[in-house]
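Below is one structure, written out as structure tokens, with a few remarks after it.
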Amino acid sequence: MAIEAALKPASPGHRRTGHQNRIPVLKAGGRLWIKIAVTFLLVIEVYPLIWMFLTSLKSNSDYLNNSTWSLPTTWEWGNYTEAWTTGNIGLYVQNSLLAVVPALALILLLGTAAGFALQIMVWKGRSLTLLVFLAGMMVPPQMILLPLFTVYFQAGLSGTLWPLILTYTGTGLPLTVFMVATYYRTVPRELFEAATLDGAGILRAFWTISVPMVRNALLTVGLVQFFFIWNDLLIALTFTNSQDLRTIQVGLLNFTGDFGATQYGPLFAAICINVFGTLVIYLFLNQKVMKGLTSGAVKG
């Protein structure tokens with residue numbers, strides 16, 4: 001009898017109980033690996049920022065004579081003052097804002113109007129027009145710099161920030177039109193039909209109905225274009241022919257001392273001002289950006 005009891009297979013209830021006991025263990029192991037992966041990614045993202053900040057507090061001799069990964073022997077907080085005053089970072093930030101803000105406003109205004117016309121309004125040739133905008137995304141910026149430089153010089157715009165504003169607007173419109181037109185697909189057309197029956201014109205439907213409904217999308221597109229324009233070096237280096245017109249990315253090339261020696265402390269201080277300033281903007285608008293990214297993913 002004992003042998004028969006030993007050879008008797010376990011009941012389904014016992015097998016199910018053992019399986020259920022293994023499920024929490026597997027889930028706990030999966031959550032542990034996820035935590036390890038997230039921690040590893042967090043270290044990869046945060047450590048360079050910490051290293052950059054610590055390097056901005058080093059003296060030039062400390063940076064050259066000691067290990068790159070060592071802590072500062074003396075904490076040179078004056079590097080930030082030197083970067084802002086002697087390095088003219090304050091002027092470069094001002095020039096960047098004067099070029100980025102008008103260009104971003106034109107990109108959002110014209111891109112939103114074009115997206116509304118291409119997706120909501122019905123007219124002949126709108127599909128071909130959208131393809132023309134998409135073709136603009138395939139043109140490398142390097143190909144248009146020399147012709148634009150000639151046009152701006154002959155128009156008398158050289159020596160101002162207008163070449164930057166116009167170039168940023170032209171290069172940013174194709175992607176903006178495409179993204180805004182995609183977001184407009186989620187807006188029900190019945191809203192515009194009802195507004196038309198109530199006597200609303202096309203401009204009123206655009207400003208009072210369409211723009212508020214794609215507000216998060218515009219914030220997302222605006223933030224993406226802001227980072228593209230703010231971090232630009234090629235266009236700004238091509239069209240700024242004066243020290244007083246340089247943007248912050250071009251200005252970072254100027255931190256050199258006697259005989260071309262790089263001033264590493266003020267240079268990294270200026271980089272920190274640039275990086276942490278834009279990082280604060282992104283963290284402040286992070287939730288709205290996520291809403292804007294998901295609002296155009298599903299057809300409404």
Side-chain angles (χ1 to χ4, degrees), residues 42-104 141-142 145 149 152 158-165 167-168 171 223 225-284:
L42 187 62
V43 171
I44 292 177
E45 294 292 334
V46 174
Y47 182 75
L49 298 177
I50 297 175
W51 176 84
M52 182 175 60
F53 174 71
L54 293 176
T55 306
S56 70
L57 299 176
K58 292 182 178 181
S59 62
N60 219 40
S61 60
D62 191 6
Y63 181 86
L64 295 175
N65 298 327
N66 297 331
S67 172
T68 306
W69 311 103
S70 63
L71 294 174
T73 55
T74 57
W75 300 80
E76 299 288 343
W77 294 98
N79 288 337
Y80 284 87
T81 303
E82 185 175 353
W84 190 264
T85 56
T86 308
N88 292 325
I89 284 297
L91 176 63
Y92 300 148
V93 170
Q94 176 183 337
N95 291 336
S96 294
L97 291 175
L98 291 176
V100 170
V101 173
L104 192 60
Q142 296 85 349
L145 293 182
F149 186 86
Y152 294 145
S158 299
T160 66
L161 291 175
W162 279 108
L164 296 182
I165 296 173
T167 306
Y168 289 149
T171 55
L223 194 61
Q225 292 292 351
F226 171 80
F227 285 124
F228 281 162
I229 299 174
W230 185 269
N231 294 323
D232 167 71
L233 176 62
L234 179 62
I235 296 176
L237 189 61
T238 303
F239 295 120
T240 53
N241 54 5
S242 171
Q243 179 78 14
D244 297 333
L245 296 176
R246 290 182 174 178
T247 61
I248 187 169
Q249 305 302 333
V250 181
L252 292 176
L253 303 175
N254 294 338
F255 284 86
T256 56
D258 296 335
F259 307 106
T262 302
Q263 302 296 319
Y264 291 101
L267 172 61
F268 278 95
I271 295 174
C272 286
I273 294 173
N274 181 29
V275 171
F276 288 110
T278 55
L279 183 61
V280 168
I281 295 175
Y282 176 77
L283 293 177
F284 181 74

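Residue numbers count from 1 along this sequence.
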Please identify which of these residues, T68, N60, N66, meets the side-chain contact (heavy atoms from CB on, under 4.5 Å) condition with L64. N60
With W77, which residues qualify under ring pair (Phe, Tyr, Trp, His ring centres under 6.0 Å), at least two apart? none
A side-chain contact here means heavy atoms from C-beta on lying under 4.5 Å apart; do K58 and L54 qualify? no
Going by distance alone, is a donor N or O of one side chain under 3.5 Å from an acceptor N or O of the other, for D62 and T73? yes
Spatial distance of atom CD1 (I235) from atom CD (Q142) [nearest 0.5 Å]: 9.0 Å
Can you tell me how far apart CD (Q243) and CG (N95) are? Round to the nearest 0.5 Å. 10.0 Å
Least distance between heavy atoms, P72 atom then L57 atom: CB-O, 3.8 Å
Just how far is it from atom CD1 of I248 to atom CG of L233, taken to the nearest 0.5 Å? 12.0 Å
Quick one: are I281 and L223 in side-chain contact, heavy atoms under 4.5 Å? yes
Might you point out which heavy atoms bring A103 and I165 nearest each other, and give the distance in Å? CB-O, 3.8 Å
Taking only residues two or more places apart in sequence, or in another chain, which ones meet S242 in a side chain to side chain donor-acceptor pair (under 3.5 Å)? none
Taking only residues two or more places apart in sequence or in another chain, which ones pass ring pair (Phe, Tyr, Trp, His ring centres under 6.0 Å) with Y80? none
To the closest 0.5 Å, what do you measure between CG (L279) and CG (L49)? 6.5 Å
Just so I know, are the side chains of L237 and L253 near enough to count as touching, which here means a heavy-atom distance under 4.5 Å? yes
CD1-CD distance between I89 and Q94, expressed to the nearest 0.5 angstrom: 13.0 Å
I need the full list of side chain to side chain donor-acceptor pair (under 3.5 Å) pairs touching residues 81-90, with sequence neighbours left out, sorted by first then second residue. none
So, using side chain to side chain donor-acceptor pair (under 3.5 Å) as the criterion, who are the partners of W230 when residues are at least two apart? N274
Among residues at least two apart in sequence or on other chains, which ones pass ring pair (Phe, Tyr, Trp, His ring centres under 6.0 Å) with Y92? none
To the nearest 0.5 Å, atom CG of L145 lies from atom OH of Y152 at 9.5 Å
So do the side chains of T247 and V250 get within less than 4.5 Å of each other, counting heavy atoms only? yes
Are L245 and T160 close enough, and set up right, to give a side-chain contact (heavy atoms from CB on, under 4.5 Å), and what steps lead you there? CA-CA 7 Å; L245 296 176; T160 66; 5.6 Å; no
Parallel, tilted or perpendicular: which fits the ring planes of F268 and W51, with parallel below 30° and perpendicular above 60°? perpendicular
Taking the side chain as every heavy atom from C-beta outward, state whether T55 and Y264 have any atom pair closer than 4.5 Å. no
Which pair of non-hydrogen atoms, one from S56 and one from N79, has the smallest distance, and what is that distance? O-ND2, 2.8 Å
Is N231 close to Q249 at the side-chain level, that is, under 4.5 Å between some pair of heavy atoms? yes
Does T171 use its side chain to pair, donor to acceptor, with the backbone of Y168 at less than 3.5 Å? yes
For the student: nearest non-hydrogen atoms of P266 and A83, plus distance: O-CB, 3.5 Å
